[in-house]
Amino acid sequence: MRGDDIQPDDGRLTVAVQAAQDGDETAFRTVYRAIHPRLLGYVRTLVGEADAEDVASEAWLQITRDLARFSGDADRFRGWAARIARNRALDHIRMRGRRPAIGGDETELADTPAASDTAGEALEALGTGRTFRLIGRLPQDQAEAVTLRVVVGLDAKSAAQVLGKRPGAVRTAAHRGLKKLAELLTGDGAADDGGEVAESYVPGVTETAARTQKDM
């Protein structure tokens, strides 16, 4: 593994964010390497593969422009960056005259999901980076909740702030999405129309998945 691929822990990422705010270009590269793959995965769930890189680039332009005004630690930075990315994605969707497919009414979600072995299996699979394209087959609310919780690494409260929903609704949407992913991974739905599952490694997802599973 190259040194550039080693993900900083939250303490070091917080220090890197603060140094980047002071103009340290090396620190900014550390922040970008830690956050960009996760953010790009989230943007893909909103605008699709074809437009994800462009929208993520627009998000980073705003992140760079507004970085000096940010205040907080690594967790808050992830949530802040995700909100910016989501806003840029929604602007892109509006400009294209398309709306994201919303998979269900939030009011139908219970606040406390039950534990599920299949959800744990899906989390483990997410750690291998084998299921990004399968996430796109989930209802939109579940796709966003799973990506924010497992890939971006937000807790339920921070993810809820990004989405403008209740933390309980986000937990339940993530839980349902993980169960569906487990079904896709273990059934005939594991392959997409072309019979392949995309490999897309995202550094740090395995560790985040373990934390999320304990918090579900």
Side-chain angles (χ1 to χ4, degrees), residues 1-47 49 51-95 126-127 129 132 135 143-165 167 170 174 200-215:
M1 177 180 292
R2 298 186 355 254
D4 285 356
D5 293 327
I6 299 174
Q7 291 291 293
D9 59 28
D10 277 4
R12 288 187 294 148
L13 183 55
T14 297
V15 170
V17 168
Q18 293 168 347
Q21 290 180 292
D22 291 333
D24 187 323
E25 293 184 4
T26 299
F28 183 83
R29 285 195 294 271
T30 297
V31 173
Y32 180 86
R33 286 195 298 267
I35 300 298
H36 178 68
R38 302 164 182 258
L39 213 60
L40 182 60
Y42 177 44
V43 171
R44 282 194 186 109
T45 69
L46 295 167
V47 301
E49 182 70 31
D51 297 331
E53 289 281 0
D54 288 344
V55 173
S57 294
E58 292 172 8
W60 277 105
L61 285 174
Q62 183 176 345
I63 290 168
T64 302
R65 185 177 65 244
D66 296 346
L67 183 59
R69 296 199 292 270
F70 170 77
S71 177
D73 59 11
D75 276 337
R76 287 181 62 85
F77 183 82
R78 280 190 286 264
W80 180 71
R83 284 194 297 276
I84 289 174
R86 188 173 198 266
N87 288 337
R88 295 289 70 75
L90 295 180
D91 286 346
H92 180 82
I93 290 166
R94 283 191 289 267
M95 183 182 68
L126 274 170
F132 256 116
I135 291 177
E144 287 200 68
V146 168
T147 308
L148 286 172
R149 299 287 327 271
V150 179
V151 179
V152 180
L154 303 184
D155 60 22
K157 181 178 179 181
S158 297
Q161 290 172 345
V162 172
L163 297 174
K165 296 184 177 182
V170 172
S200 179
Y201 174 66
V202 178
V205 170
T206 303
E207 297 83 354
T208 304
R211 289 200 304 271
T212 305
Q213 185 177 4
K214 291 165 68 175
D215 186 40

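- Residues that satisfy the side-chain contact (heavy atoms from CB on, under 4.5 Å) test with S71, not counting sequence neighbours, are absent from this structure.
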Q: Check the pair V31 / F77 against side chain to side chain contact (heavy atoms under 4.5 Å, CB included), numbers first and verdict last.
A: CA-CA 10 Å; V31 173; F77 183 82; 3.5 Å; yes
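- Between the side chain of T147 and the backbone N or O of E144, no donor-acceptor pair lies under 3.5 Å.
- By the 30° and 60° cut-offs, the orientation of the rings of F28 relative to W60 is perpendicular.
- The distance from the CZ atom of R86 to the CG atom of D91 is 11.5 Å, given to the nearest 0.5 Å.
- To the nearest 0.5 Å, the span separating CG on L39 from CG on L148 amounts to 9.5 Å.
- Across I63 and A81, no two heavy atoms sit closer than the pair CD1-CB, 3.8 Å.
- Among all heavy-atom pairs drawn from T14 and A74, the shortest one is OG1-N, 2.9 Å.
- A side-chain N or O of D155 and one of S158 form a donor-acceptor pair less than 3.5 Å apart.
- Applying the side-chain contact (heavy atoms from CB on, under 4.5 Å) criterion to D66, with sequence neighbours excluded, gives Q62, R69, W80.
- The backbone N or O of A16 lies less than 3.5 Å from no partner atom in the side chain of T30, so there is not a single donor-acceptor pair.
- Here the closest heavy-atom approach between residue P37 and residue Y32 is recorded as CD-O, 4.1 Å.
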(Q) Between D75 and L154, does the side chain to side chain contact (heavy atoms under 4.5 Å, CB included) criterion hold? Intermediate values first, please. (A) CA-CA 7 Å; D75 276 337; L154 303 184; over 6 Å; no
Q: List the steps and the verdict of salt bridge (charged side-chain N to carboxylate O under 4.0 Å, His left out) for R78 and D10.
A: CA-CA 10 Å; R78 280 190 286 264; D10 277 4; 3.0 Å; yes
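- Contact detail for A19 and A27: the closest heavy-atom pair is CB-CB, 3.5 Å.
- Residue I84 holds its CD1 atom at 8.5 Å from CZ of R65, rounded to the nearest 0.5 Å.
- With sequence neighbours left out, E58 forms a side-chain contact (heavy atoms from CB on, under 4.5 Å) with R88.
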Q: Could you check R12 against V15 for side chain to side chain contact (heavy atoms under 4.5 Å, CB included), going step by step and ending with a plain yes or no?
A: CA-CA 5 Å; R12 288 187 294 148; V15 170; 5.5 Å; no
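- Within 6.0 Å of CZ in R83 there are more than 12 heavy atoms belonging to other residues, nucleotides or ligands.
- Looking only at distances, a side-chain donor or acceptor of R38 sits under 3.5 Å from a matching main-chain atom of V151.
- Of all heavy-atom pairs spanning D51 and H92, the tightest one is OD2-NE2, 3.0 Å.
- Closest non-hydrogen pair, V146 versus A174, comes out as CG2-O, 3.6 Å.
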